[in-house]
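What follows is one structure encoded as structure tokens, with my remarks underneath.
Quick note: numbers below take in every heavy atom, side chains included, and nothing from hydrogens, waters or symmetry partners. On a predicted model such as this, the values are computed, not experimentally measured, just so you know.
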Amino acid sequence: KKNIYFQIKDIKNTTYLEVRTPYSTSNKELSNILDSNIDKIEKIYNNYLKSKEARDSIERDSELLLFGKLVKIEIINSKNNLINFRNSSIVIETHLPFTKELKEQVREKLYKKQAKIVITPLVVKWQNIMHLYSTNLRYQKTKSQWGSCSSKNRISLNSYLCLLPIKLIEYVIIHELAHIKHKNHSKEFWGLVNYYLPNYKELREELKIYSKFIR
């Protein structure tokens, strides 16, 4: 049985349908694949449009996502450069104008701090449940992926995981811990992920909504 994958992609403001098939697939076979999967492709495209709409409207200038919830940003004109929580808001004391660049600087500092406070205990929790242990855990901001696991079982997590709901953070953690046992995306790998998260496919789709923040 041939493995066929469909994905909608935006490249230079143009939307494309990417179809992945085995190298030996002929043009005639490809045409038949497209014809027989037209309903599936339409569903994928509609989900893409919903996801894109959600991404484009998910956060306003005066808000910042923190663990899946929108938190209001309050600016206080001050010579200090401080970030604090006050009455469920993020209070920024600064003498600088509140630009998109400043907002991203605030986001990066806040997420880096919150990752160690909130995400690290979740990693420990799932390591103990799965009996799979990383040799090292680190956080860094990346623009390509939410997490990775090296050949030596070192796990790196994107500090921007802090913008996600906890259920999606746990999906990423389980995904990377599963790579300690399976260094690929084989049937056995997804079987292990499915054992702990039977709804992982839904979570993986929901995760795409937040991809704009790391690209």
Query - Taking every non-hydrogen atom, the tightest pair across Pro165 and Glu206 - result: CG-OE2, 4.5 Å
Report task. Using the rule that two of Ile, Leu, Val, Met, Phe, Trp, Tyr join whenever any of their side-chain heavy atoms come within less than 4.5 Å, decide whether Val124 and Leu157 are in one cluster. Result -> no
Query raised in the report: With a 4.5 Å limit on heavy-atom distance, are the side chains of Ile90 and Asn84 in contact?
Result: no
Requested in this report: Indicate yes or no: at least one non-hydrogen side-chain atom of Ile41 is less than 4.5 angstrom from one of Lys43.
Outcome: no
Query raised in the report: Do you know which two heavy atoms are closest between Glu63 and Lys103, and how far apart they sit?
Result: O-NZ, 2.7 Å
Query raised in the report: Atom CG in Leu168, atom CZ in Arg204: separation rounded to 0.5 Å?
Result: 13.0 Å
Query raised in the report: Has Lys141 got more than 12 heavy atoms of other residues, nucleotides or ligands less than 6.0 Å from its NZ?
Result: yes
Query raised in the report: Between CG of Asn158 and CD of Gln140, what distance do you get to the nearest 0.5 Å?
Result: 8.0 Å
Query raised in the report: Between Tyr139 and Thr120, is a side chain to side chain donor-acceptor pair (under 3.5 Å) present by the stated rule, with each step listed?
Result: CA-CA 10 Å; Tyr139 299 98; Thr120 297; 2.7 Å; yes
**Report entry** Distance, nearest 0.5 Å, that separates CD1 of Ile174 from OH of Tyr196
**Finding:** 9.0 Å
Requested in this report: Kindly say whether the aromatic ring centers of Trp126 and His131 come within a distance under 6.0 Å.
Outcome: no
Report summary line: Of all heavy-atom pairs linking Thr142 and Ile214, the shortest is O-CB, 3.6 Å
Query raised in the report: Run the side chain to side chain contact (heavy atoms under 4.5 Å, CB included) check on Leu66 and Phe85 step by step: do they pass?
Result: CA-CA 12 Å; Leu66 185 63; Phe85 285 103; 3.7 Å; yes
Query raised in the report: Any side-chain heavy-atom pair from Val71 and Leu65 closer than 4.5 angstrom?
Result: no
Requested in this report: Could you please spell out the steps behind the side chain to side chain contact (heavy atoms under 4.5 Å, CB included) verdict for Arg138 and Arg154?
Outcome: CA-CA 8 Å; Arg138 68 171 182 169; Arg154 298 190 183 107; over 6 Å; no
Query raised in the report: Should Tyr111 and Leu64 be marked as a side chain to side chain contact (heavy atoms under 4.5 Å, CB included) after you check the CA-CA gap, both sets of side-chain angles, and the distance that decides it?
Result: CA-CA 11 Å; Tyr111 287 176; Leu64 193 146; 3.5 Å; yes
Query raised in the report: Just by distance, do the side chain of Glu202 and the backbone of Asn199 share a donor-acceptor pair under 3.5 Å?
Result: no
Query raised in the report: Are the ring centres of Phe189 and His175 closer than 6.0 Å?
Result: yes
Query raised in the report: Any sub-3.5 Å donor-acceptor pair from Ser211's side-chain atoms to Lys208's backbone N or O?
Result: yes
Report task. With side chain to side chain contact (heavy atoms under 4.5 Å, CB included) as the test, would you mind laying out the steps for Gln127 and Leu177 before giving the verdict? Result -> CA-CA 7 Å; Gln127 284 184 143; Leu177 288 176; 3.7 Å; yes
Query - Heavy-atom side-chain contact between Asp35 and Ser31 under 4.5 Å - result: yes
Report task. State whether the side chain of Asn194 and the backbone N or O of Tyr200 hold a donor-acceptor pair below 3.5 Å, judged by distance alone. Result -> no
Query raised in the report: Between Tyr160 and Trp146, does the ring centroid distance fall short of 6.0 Å?
Result: no
**Report entry** Any side-chain heavy-atom pair of Leu161 and Val172 under 4.5 Å
**Finding:** yes
Query raised in the report: Is there a path from Ile4 to Ile38 through hydrophobic residues (I, L, V, M, F, W, Y) whose side chains come within less than 4.5 Å of each other?
Result: no
Requested in this report: Measure up the His185 and Trp190 rings against each other and bin them: parallel (under 30°), tilted (30 to 60°), perpendicular (over 60°).
Outcome: parallel
Query raised in the report: Ile73 versus Ile92: any side-chain heavy-atom pair under 4.5 Å?
Result: yes
Requested in this report: Could you tell me whether a side-chain N or O of Lys183 sits under 3.5 Å from a main-chain N or O of His179, the two making a donor and an acceptor?
Outcome: yes
Requested in this report: Check for a donor-acceptor pair, side chain of Thr135 on one end and backbone N or O of Lys152 on the other, with a separation under 3.5 Å.
Outcome: yes
Query raised in the report: Quick check: are there more than 12 heavy atoms from other residues, nucleotides or ligands sitting under 6.0 Å from CG of Asn27?
Result: no
Query raised in the report: For the side chain of Lys181 and the backbone of Leu192, is there at least one donor-acceptor N/O pair under 3.5 Å apart?
Result: no
Report summary line: Value for NE2 (His95) from CD1 (Ile76), rounded to nearest 0.5 Å, stands at 15.5 Å
Report summary line: Taken to the nearest 0.5 Å, the spacing of Lys72 NZ from Glu74 CD works out to 5.5 Å
Query raised in the report: Between Lys79 and Glu93, is there a side-chain N and carboxylate O pair less than 4.0 Å apart?
Result: no
Report summary line: Taken to the nearest 0.5 Å, the spacing of Glu170 CD from Leu203 CG works out to 9.5 Å
Query - Path from Leu102 to Leu82 over hydrophobic side-chain contacts below 4.5 Å - result: no
Requested in this report: Return the minimal non-hydrogen interatomic distance between Ala115 and Cys162, and the atom names on each side.
Outcome: N-SG, 3.4 Å
Report summary line: Residues Leu132 and Ala178: closest non-hydrogen pair is CD1-CA, 4.3 Å
Query raised in the report: Heavy-atom distance under 4.5 Å between the side chains of Phe6 and Leu34, does that happen here?
Result: yes
Query raised in the report: Hey, are Ser134 and Asn153 close enough side-chain-wise for a donor-acceptor pair under 3.5 Å?
Result: no
Query raised in the report: Got Leu122 and Ile169 here, is their nearest side-chain heavy-atom distance under 4.5 Å?
Result: yes
Query raised in the report: Any donor and acceptor pair, going by atom type alone, linking the side chain of Thr21 with main-chain N or O of Thr25 inside 3.5 Å?
Result: no
Query raised in the report: So, does Ser89 use its side chain to make a donor-acceptor pair with the main chain of Val91 at under 3.5 Å?
Result: no
Query raised in the report: Is the number of heavy atoms from other residues, nucleotides or ligands within 6.0 Å of OH (Tyr133) greater than 12?
Result: yes
